[in-house]
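If you're wondering where the values come from, they're calculated on a predicted model, not measured in any experiment. Chain letters run A, B, ... following the sequence lines, proteins first, then strands; residues in each count from 1.
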Amino acid sequence: MNEQIQEVLALTNRWVKRLSREKFSMLFTLAQPMIFWLIFFGNLFQRAADIQVLQAPNYMSFLAAGVVVMTVLNNGLAGGIDLLFDKENGFLERLMSTPIRRSSVILSRFLFVMAITGMQILVILAVAFLFGVIPETGMLGITVILLIGMLFGVGLTAISMAMAFTVKSHGDFFSVLGFLSLPMIFLSSALVPLAAMPGWMQALAFFNPMTWVIDAVRPLIISGWSQALPQVGMALVVLVAFDALCLYGGAKAFKRSVG
Amino acid sequence: MSTPAAIEVSNLGKVYDTVDAVKNLSLSVQHGEIFGLLGPNGAGKSTTLRILITTLNPTSGTATILGHDVVKEADTVRRLIGYVAQERAIDRFLTGREHLLLFAELYHLPKQEALSRIDSLLKLVNLADDADRVAKGYSGGMKRKLDIACGLLPHPKILFLDEPTLGLDVQSRLNIWEHIRQLKQQGITIVITTNYLDEADQLCDRIAIIDRGEVRAIGSPKDLKASLGGDGIWLTLSDATPEALNHLTTALQGLPFVRAIRPRENGLDIRVDGPEKALPAIMETTNTIAGCRLDGIEYHRPRLDDVFVAHTGRSLKDEPPAPVAD
């Protein structure tokens, strides 16, 4: 067990070093493009959006939850990229020829992606704060947002890693990634509430786990505990099922790829 | 009871989709030798290597490393081997020393021992001065040396090197060969894959020629060359009738040092023992046969490429560089 912790930490340390050596990449990782959604999209629709429909004080505070979860989405789906490169250039093979536990590589990746995701969520909330969005549920609420975000991130990262181990080339990986992420956002309650959508989109969004996650994060920011708690409970149920499914698929893909 | 060979491979097979990457491959590697898997890209040598380093499971057959099965006892095998990957498998953002520190953690080497071993390995491969620069700025030769240092870190009994000098300049190649020979002197068994004939010829004690997933020949480069049946003398004749050629062949077969005669385009390929006597005698004989005008005569010692041609029907040298790695 101690040995496994040593392996996971050593590998996680590698991911951190890699990121810290790429100053540009680090800057852009922390200042995700998602911030632009919040700043530009948020301000753009600040007056155009109908707060009766939104059920929120203003569009910025409505959008904050959506952007938090979009950040989790993008991070999670990109979580397998470094492993994809490791697979392609042979570094993964080199790791797999050492007597480490096969799971250490995967665990290090989860640990790293979750840590980065957590930091990004805090950056998003800080930017939202600058525009006057103050989470109603306070520090405890922010902690719950972080937990829900990471729980969602685990499943997404598992999908991403499964794809990294399965695809034939990284071109395929990025095509699928690009194809997945926008519909996931539009077919969720990230930008507008479900009630404001056309019926068919509403139906699709209902089955998008992202909708459930956003609907739990949003009341934590704009309403308060009494409205948030039932939503958080629902989100946890959805996320446990979602993660179980993703981890199962991910484990299968990993086994097939590295034995 | 005899000690098991360092590596024992029997009837190994690996099928990708419907393609046989490796077919019924058997070989054994002795303790302390440098063994080469020689073949063109896509021949199956890298697939074989991957099975031996436990990163790929065979479809059929077995392989053991120091008596341990590479599938059932993969973890034990991983503790006995070192693997030197191709140079692309370097993390460009880590320094040389950080690579070694990472692997020291993964092998759970005691901290103090690891630090001193890393220092001595960096000196061994002449990377001490560049150890704290990120690998992005390393030359091909330096990356390869870092690779070797990583492979040696866990004190392996057997070291596997995948194309150790692929794409290196001459000086770096000789340098790497020298390192490999030194390792052999320390008693480490070494297995390399290569598609360079001279590397197989000069570095390896024994080689297996692999083509289309199968072993075509195994032996020392010297024995393999000798097995071709002596030195070759190629006669080129102008306007020889089939009848005259027959006459000449019969006459040559009577000479004591001639071992075999095969027809080739516009002439004959004669295998002989010792060219000193054979050359003048063959010329003389040719001149006595009516209708045979000698146009040219070539003498060569068999090269490893001839061995390759004899066993695979094609030349390794003519192989166009394949775009896909095998």
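Taking non-hydrogen atoms and a 4.5 Å limit, the residue list of residues 58-66 of chain B in contact with chain A is empty.
Partners of B:Asp69 by salt bridge (charged side-chain N to carboxylate O under 4.0 Å, His left out), not counting sequence neighbours: none found. Residues satisfying the ring pair (Phe, Tyr, Trp, His ring centres under 6.0 Å) test with A:Phe41, not counting sequence neighbours, are A:Trp37, A:Phe45.
Of the two parts of A:Leu11, the backbone and the side chain both hold a non-hydrogen atom closer than 4.5 Å to a non-hydrogen atom of chain B. At a 4.5 Å heavy-atom cutoff, B:Val77 makes no contact with chain A through either its backbone or its side chain. Neither the backbone nor the side chain of B:Phe160 has a heavy atom closer than 4.5 Å to any heavy atom of chain A.
For the pair A:Glu3 and B:His108, the tightest heavy-atom approach, listed with the atom from each and the gap, is O-CE1, 3.1 Å. For A:Ser97 against B:Ile81, the heavy-atom pair with the smallest separation is O-CD1, 4.3 Å. The shortest heavy-atom contact between A:Arg94 and B:Ala85 is NH2-CB, 3.9 Å. Of all the heavy atoms in B:Arg78 and A:Thr98, the pair that sits closest is CD-O, 3.2 Å. For the residue pair B:Ala89 and A:Gly90, the shortest heavy atom distance occurs at CB-C, 3.5 Å.
Residues B:Phe93 and A:Lys17 have side chains not in contact (no heavy-atom distance under 4.5 Å, counting atoms from C-beta outward).
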- Could you walk me through whether B:Thr54 and A:Met96 pass the side-chain contact (heavy atoms from CB on, under 4.5 Å) check? CA-CA 8 Å; B:Thr54 76; A:Met96 288 306 167; over 6 Å; no
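A:Phe91 CZ to B:Leu94 CG: the interatomic distance, rounded to the nearest 0.5 Å, is 6.5 Å. Here A:Leu95 contributes atom CG and B:Tyr83 contributes atom OH; the two are 11.0 Å apart, rounded to the nearest 0.5 Å. Of the inter-residue distances, the one linking A:Asn89 atom CG with B:Asp91 atom CG reads 8.0 Å to the nearest 0.5 angstrom. To the nearest 0.5 Å, atom CG of residue B:Leu102 and atom CZ of residue A:Arg14 are 7.0 Å apart.
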All N/O donor-acceptor pairs, side-chain side in residues 149-159 of chain A, below 3.5 Å, sequence neighbours left out:
residue  : atom : partner  : partner atom : Å
A:Thr157 : OG1  : A:Gly153 : O            : 2.7

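A salt bridge links A:Arg21 with B:Glu98: the closest approach of a Lys/Arg side-chain nitrogen to an acidic carboxylate oxygen falls below 4.0 angstrom.
Annotation: B:Tyr16, atom OH; neighbour count of heavy atoms from other residues, nucleotides and ligands within 6.0 Å is above 12. No more than 12 heavy atoms of other residues, nucleotides or ligands lie within 6.0 Å of OH in A:Tyr248, so this atom counts as exposed by the packing criterion.
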